[in-house]
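Heads up: the structure comes next, in structure tokens.
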Amino acid sequence: MNLIQIKLALWQARGSGSRMGLLILCIALGVSVQVAIGSFVGQMNRTLSKEARNLLTADLEISKRTPLTDQEKLQLKDALPPNSKVQEMISFVTMAASVSNSSTRLVELRAVGSDYPFYGSAEVRESNVTVDSLHKLNDALPIAYVQPEVQAQMDLHEGESIRIGRMEFKVAGALIREPGLGAGIFSLGPRVFIGIRNLQKTQLIQSGSRATYSTMIALDDPEQALIVAERLKKIWGINTNPRRGFAQELRDGDGIAIRSPKDKQVQMSRAFERLADYLRLVSLIALLLGGIGVGSVVQSFVQDHLESAATLRTLGATENQVARVFLIQAAGAGALGSVLGAAIGTAVQSVLPTFFINLFPLPLQPGTDWRAILSGICFGTLTSIYFSLLPVLRIKGLKPLSVFRNEPSESAPLAYRITALSGGALLLGASAVAESRSTPLGLLFSGSLIGSGLLIVLMAKWVLPRLANLKTFRLGFGFRHGISNLSRPQLKPQSAIVTLGLAALL
């Protein structure tokens with residue numbers, strides 16, 4: 001590449017502003033999706049790392065399917081440093097019934113202590129006033145806080161009562177946001193919170209009841225959480241479960257687990273990594289569709305500038321030099337489109353968290369993710385260059401005399417096309433493996449995508465000529481000529497059909 005080739009590329013692109021603009025737009029749309037999703041995933045990871053203790057609502061959590069035995073309580077007391085705070089939380093799935101209209105609903109009941117939560121906060125709407133405390137739950141009057149879904153589905157209003165087991169609770173407010181995630185990430189029903197002092201009166205906890213008993217611990221020095229956790233693991237003979245990311249042991253069907261904020265972060269990260277992997281693959285398809293659009297634009301551009309290429313060949317330019325002029329144009333337009341897409345994606349990523357507000361437990365703060373931006377710009381520019389490669393390869397073996405005689409132009413040599421397509425398939429597979437962080441999943445994804453694309457191309461090549469030859473005299477002049485135009489030699493609508501087909505597949 002030299003200055004003359006750059007000047008030629010700029011001079012040749014001056015009269016093709018609309019095509020260059022379309023190329024820039026194709027790349028900008030794909031890159032904007034990739035940057036927006038990459039920035040959103042980065043926000044999730046940063047938030048989980050920063051708010052791990054608030055997610056757990058404690059420095060340490062011990063959960064079992066049965067209450068801790070007296071011996072385990074003594075061992076726990078001996079293992080904890082002085083001034084540690086301990087409280088219990090019991091959660092299980094049960095039925096709640098409205099006293100006023102007898103409607104029922106499956107709910108996840110959580111009975112909490114008066115100090116819950118140690119960390120984090122709750123938002124409760126009482127009499128149109130938002131408070132951030134659950135301390136009233138253990139007052140003398142039995143009350144309950146319910147999620148808005150419970151109110152809507154059971155037609156409950158503040159001040160009315162619900163029956164849980166053998167006890168009635170007054171609905172004191174709606175739980176707009178609960179602290180942390182307790183013992184699990186997902187629930188089987190909307191949550192209802194009551195005070196743990198009232199749980200026994202419901203008579204729901206009997207021998208054989210399936211419930212999760214959580215012991216929440218707050219330490220004077222949060223840095224000691226891992227030390228205490230390791231101490232308890234040795235006392236109770238617990239090993240870390242590699243699949244779950246925290247210490248767990250099963251004894252006669254009785255599971256006991258120890259979680260620190262770090263464990264909670266790992267557990268949460270693994271759950272949301274699946275969402276992140278899916279979003280990354282979506283962004284890869286968006287960029288791929290933009291690249292197909294780039295290929296169509298460059299193919300048309302090269303077709304219109306074959307005479308310029310033939311003239312340059314006649315004046316002594318080599319095949320590689322002429323091809324390089326077109327690739328410089330594609331790379332420049334791709335870089336501009338990538339920068340534009342990165343700017344759009346950065347603006348869009350500040351809106352994405354609102355779509356996941358009910359799924360992600362913590363507010364995501366908007367911010368600039370330079371890693372996602374740089375990755376998007378590099379991916380976008382390389383995508384533009386690659387998808388321009390096959391149309392530009394037509395310059396290889398170009399015969400200037402055939403162009404000046406207006407003879408039909410030939411496609412790129414078969415060897416070049418096979419090499420380019422094979423390289424593209426390998427790059428797609430490698431990108432899918434990297435984005436999904438799974439070799440089997442990445443290969444399955446890229447193989448399915450390539451297979452679907454080939455199937456769509458074969459169907460288009462078989463259907464379009466037959467569609468163009470249909471007898472459509474009764475359907476009007478415009479429809480008849482529009483259908484016939486599908487088989488025009490220079491039109492080549494397969495790329496548009498592949499783009500629409502893959503978009504519909506997604």
Side-chain angles (χ1 to χ4, degrees), residues 57 61 63-67 87-118 120-216 357-359 361:
T57 71
E61 178 195 58
S63 61
K64 284 187 66 179
R65 295 175 185 170
T66 59
Q87 67 172 332
E88 292 185 356
M89 178 179 71
I90 303 175
S91 58
F92 55 93
V93 175
T94 187
M95 298 297 296
S98 171
V99 174
S100 59
N101 57 29
S102 300
S103 60
T104 59
R105 178 69 170 87
L106 185 72
V107 299
E108 182 178 327
L109 185 69
R110 291 197 172 176
V112 298
S114 56
D115 292 332
Y116 182 82
F118 286 133
S121 61
E123 288 186 11
V124 179
R125 188 173 59 237
E126 296 183 25
S127 303
N128 296 323
V129 177
T130 301
V131 296
D132 59 355
S133 173
L134 301 176
H135 296 166
K136 291 182 181 180
L137 289 175
N138 284 281
D139 290 349
L141 178 66
I143 64 172
Y145 292 134
V146 302
Q147 288 190 319
E149 297 95 310
V150 177
Q151 288 183 308
Q153 294 167 5
M154 298 179 65
D155 194 22
L156 274 175
H157 299 89
E158 189 175 326
E160 295 182 352
S161 297
I162 57 173
R163 179 178 296 278
I164 300 174
R166 296 183 180 275
M167 191 172 183
E168 293 183 6
F169 293 83
K170 178 183 176 181
V171 177
L175 188 66
I176 305 303
R177 182 171 64 87
E178 67 174 285
L181 290 175
I185 297 176
F186 303 107
S187 63
L188 296 177
R191 295 186 178 101
V192 174
F193 279 73
I194 64 172
I196 199 167
R197 61 177 292 180
N198 297 314
L199 179 61
Q200 198 63 37
K201 300 175 184 178
T202 64
Q203 299 184 22
L204 290 173
I205 299 297
Q206 305 288 340
S207 177
S209 297
R210 187 175 180 83
T212 300
Y213 296 81
S214 301
T215 303
M216 318 300 293
I357 192 169
N358 293 325
L359 179 62

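Counting from 1, the numbers follow the sequence of the chain as shown.
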For Glu126, all residues meeting salt bridge (Lys or Arg N to Asp or Glu O under 4.0 Å), sequence neighbours excluded: Lys136
Are more than 12 heavy atoms, taken from residues, nucleotides or ligands other than Arg163, located less than 6.0 Å from that residue's CZ atom? yes
Ser91 to Arg110 - nearest heavy-atom pair and separation: CB-CG, 3.7 Å
Distance-only, no hydrogens or angles: does the Asn138 side chain make a donor-acceptor pair with backbone N or O of Val112 under 3.5 Å? yes
Rounded to the nearest 0.5 Å, what's the gap from OG on Ser114 to CG on Leu134? Could you check? 11.0 Å
Under 3.5 Å donor-acceptor, Glu160 side chain and Ser98 backbone: no
Of the non-hydrogen atoms in Phe118 and Met216, which two are nearest, and what is the gap between them? CE1-O, 3.5 Å
Let's go through Thr212 and Ile90 carefully: what are the C-alpha distance in whole Å and the side-chain angles of both, what is the deciding distance for side-chain contact (heavy atoms from CB on, under 4.5 Å) to 0.1 Å, and is it a yes or a no? CA-CA 6 Å; Thr212 300; Ile90 303 175; over 6 Å; no
Between Ile162 and Val192, is a side-chain contact (heavy atoms from CB on, under 4.5 Å) present by the stated rule, with each step listed? CA-CA 10 Å; Ile162 57 173; Val192 174; 4.3 Å; yes
Roughly how far, to the nearest 0.5 Å, is the NZ atom of Lys201 from the CE atom of Met167? 4.5 Å
Do His157 and Asp155 have side chains that get closer than 4.5 Å, going by heavy atoms? yes
Hey, are the side chains of Met95 and Leu106 touching, using non-hydrogen atoms and a 4.5 Å cut-off? yes
Side chains of Val146 and Leu175: does their closest heavy-atom pair fall under 4.5 Å? no
Within the supplied structure, the quantity of interest is the number of heavy atoms (other residues, nucleotides, ligands) at a distance under 6.0 Å from Gln200 CD; does it exceed 12? no
Would you name the heavy atoms of Leu109 and Leu199 that are closest together and state the gap between them? CD2-CD1, 4.2 Å
Holding to side-chain hydrogen bond (donor to acceptor under 3.5 Å, both in side chains), I want the full list of residues that pass it with Thr94, two or more places apart in sequence or in another chain. none
Measure across Glu61 and Ser214 and return the closest heavy-atom pair with its distance rounded to 0.1 Å. OE2-OG, 3.9 Å
Working to the nearest 0.5 angstrom, can you tell me the gap between Thr215 OG1 and Glu88 CD? 5.0 Å
Under the salt bridge (Lys or Arg N to Asp or Glu O under 4.0 Å) test, residues paired with Glu149 that sit two or more places apart: none
Of the non-hydrogen atoms in Ala174 and Gln151, which two are nearest, and what is the gap between them? CB-OE1, 3.3 Å
Report the distance from atom CZ of Phe193 to atom CE of Met89, rounding to the nearest 0.5 Å. 7.0 Å
If every non-hydrogen atom of Ala144 is compared with every non-hydrogen atom of Ile194, which pair is closest and at what distance? CB-CG2, 3.9 Å
